[in-house]
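The structure appears right after this line, and notes come after that.
Remember, predicted model here, so these are calculated numbers, not experimental data. Note: hydrogens, waters and symmetry copies are ignored here, and every other heavy atom, side chains too, is used.
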Amino acid sequence: AQSVTQLDSQVPVFEEAPVELRCNYSSSVSVYLFWYVQYPNQGLQLLLKYLSGSTLVKGINGFEAEFNKSQTSFHLRKPSVHISDTAEYFCAVSDLPRFQGGSEKLVFGKGTKLTVNP
Amino acid sequence: DVKVTQSSRYLVKRTGEKVFLECVQDMDHENMFWYRQDPGLGLRLIYFSYDVKMKEKGDIPEGYSVSREKKERFSLILESTSTNQTSMYLCASSSPPTSGDPYEQYFGPGTRLTVT
């Protein structure tokens with residue numbers, strides 16, 4: 001079964017500083033990986049996804065993530081954050097398709113709250 | 001743009017009342033999901049559905065039921081609310097891996113339910 005660990009529950013940073021939000025997953029099969037962002041009192045919005053191909057994935061709002069199969073990690077990075085990046089970020093991994101005995105669910109980590117201070 | 005809408009943004013109910021939370025998506029997605037979100041616990045899957053009339057239990061189905069009479073609509077039912085069901089409820093939809101964006105889930109804005 002898949003699982004996702006987000007290593008930091010809260011990350012405070014100053015505006016214009018770089019940030020890395022860490023995500024490790026466990027899975028015995030090839031997976032798809034996602035990062036979602038949730039702004040206060042809103043639903044989740046897709047930030048980026050890794051399906052295949054280049055291990056460096058670029059997303060919206062200047063975020064990028066690197067898929068590392070050997071370390072089973074998918075860390076999210078941004079070189080310079082803004083106040084408006086304050087939000088909660090969720091890493092997720094896909095389950096197998098139903099025709100392969102899976103459920104097509106996404107398994108989410110518990111989230112990392114990013115707070116950008118002036 | 002994919003749109004997932006939820007019937008209410010905020011609800012306040014008394015213990016023991018019945019609650020219907022409705023979710024509608026406009027992208028003809030087969031899969032639909034209900035989650036609850038609580039601080040420190042992330043998203044927990046309550047129920048999901050692959051098609052009309054189908055439902056599958058998620059990780060925390062106790063105290064909840066669902067209904068999917070039409071492909072675009074997935075309802076979460078709390079038969080008799082209790083205070084421990086105070087939470088944010090999120091609905092999502094997705095296509096199966098053979099079509100569209102595999103696995104990507106599109107979320108509604110959420111319903112914040114308070115049970116007093």
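Using a 4.5 Å cut-off between heavy atoms, A/Glu88 touches chain B through its side chain atoms alone. Heavy atoms of A/Glu104 lying under 4.5 Å from chain B belong to its backbone as well as its side chain. In this structure, chain B has no heavy atom under 4.5 Å from any part of A/Gln45. Using a 4.5 Å cut-off between heavy atoms, B/Gln37 contacts chain A through its side chain alone, with no backbone atom that close. For B/Arg112, the part sitting under 4.5 Å from any heavy atom of chain A is the side chain, from C-beta outward, and nothing else. Using a 4.5 Å cut-off between heavy atoms, B/Tyr89 does not touch chain A at all. The parts of A/Leu44 that come within reach of chain B are both its backbone and its side chain, each placing non-hydrogen atoms under 4.5 angstrom from that chain.
The backbone N or O of B/Lys71 sits less than 3.5 Å from a side-chain atom of B/Arg68, completing a donor-acceptor pair. Distance alone, capped at 3.5 Å, places no donor-acceptor pair between the A/Thr72 side chain and the A/Lys69 backbone. B/Ser49 places a side-chain N or O within donor-acceptor distance of the main-chain N or O of B/Asp51, the cut-off being under 3.5 Å.
Linking Ile, Leu, Val, Met, Phe, Trp and Tyr residues whenever their side-chain heavy atoms come within less than 4.5 Å places A/Val107 and A/Val37 in a single cluster.
For A/Lys78 and A/Phe63, the positive end sits near the middle of the six-membered ring, less than 6.0 Å away and at most 45° from its axis.
Using a 4.0 Å cut-off between charged nitrogen and carboxylate oxygen, A/Arg77 and A/Glu64 do not count as a salt-bridge pair. At a threshold of 4.0 Å, the pair A/Lys113-A/Asp8 does not count as salt-bridged, since none of the basic side-chain nitrogens sits closer than that to a carboxylate oxygen.
Contact between A/Phe14 and A/Pro118 at its shortest, heavy atoms only, is CD2-O, 3.6 Å.
Ranked by non-hydrogen atom pairs under 4.5 Å with chain A, the options B/Pro109, B/Ala92, B/Gly108 are led by B/Pro109. Comparing B/Tyr50, B/Phe48, B/Tyr35, B/Phe33 by heavy-atom pairs within less than 4.5 Å of chain A, the highest count is held by B/Tyr50.
Annotation: side chain of B/Ser75 is not in contact with side chain of B/Leu21 (no heavy-atom distance under 4.5 Å).
Judged as a side-chain contact (heavy atoms from CB on, under 4.5 Å), and not counting sequence neighbours, the contacts of A/Thr55 are A/Glu66, A/Phe67.
The interface of residues 52-64 of chain B with chain A, defined by heavy-atom distances below 4.5 Å, comprises B/Asp59.
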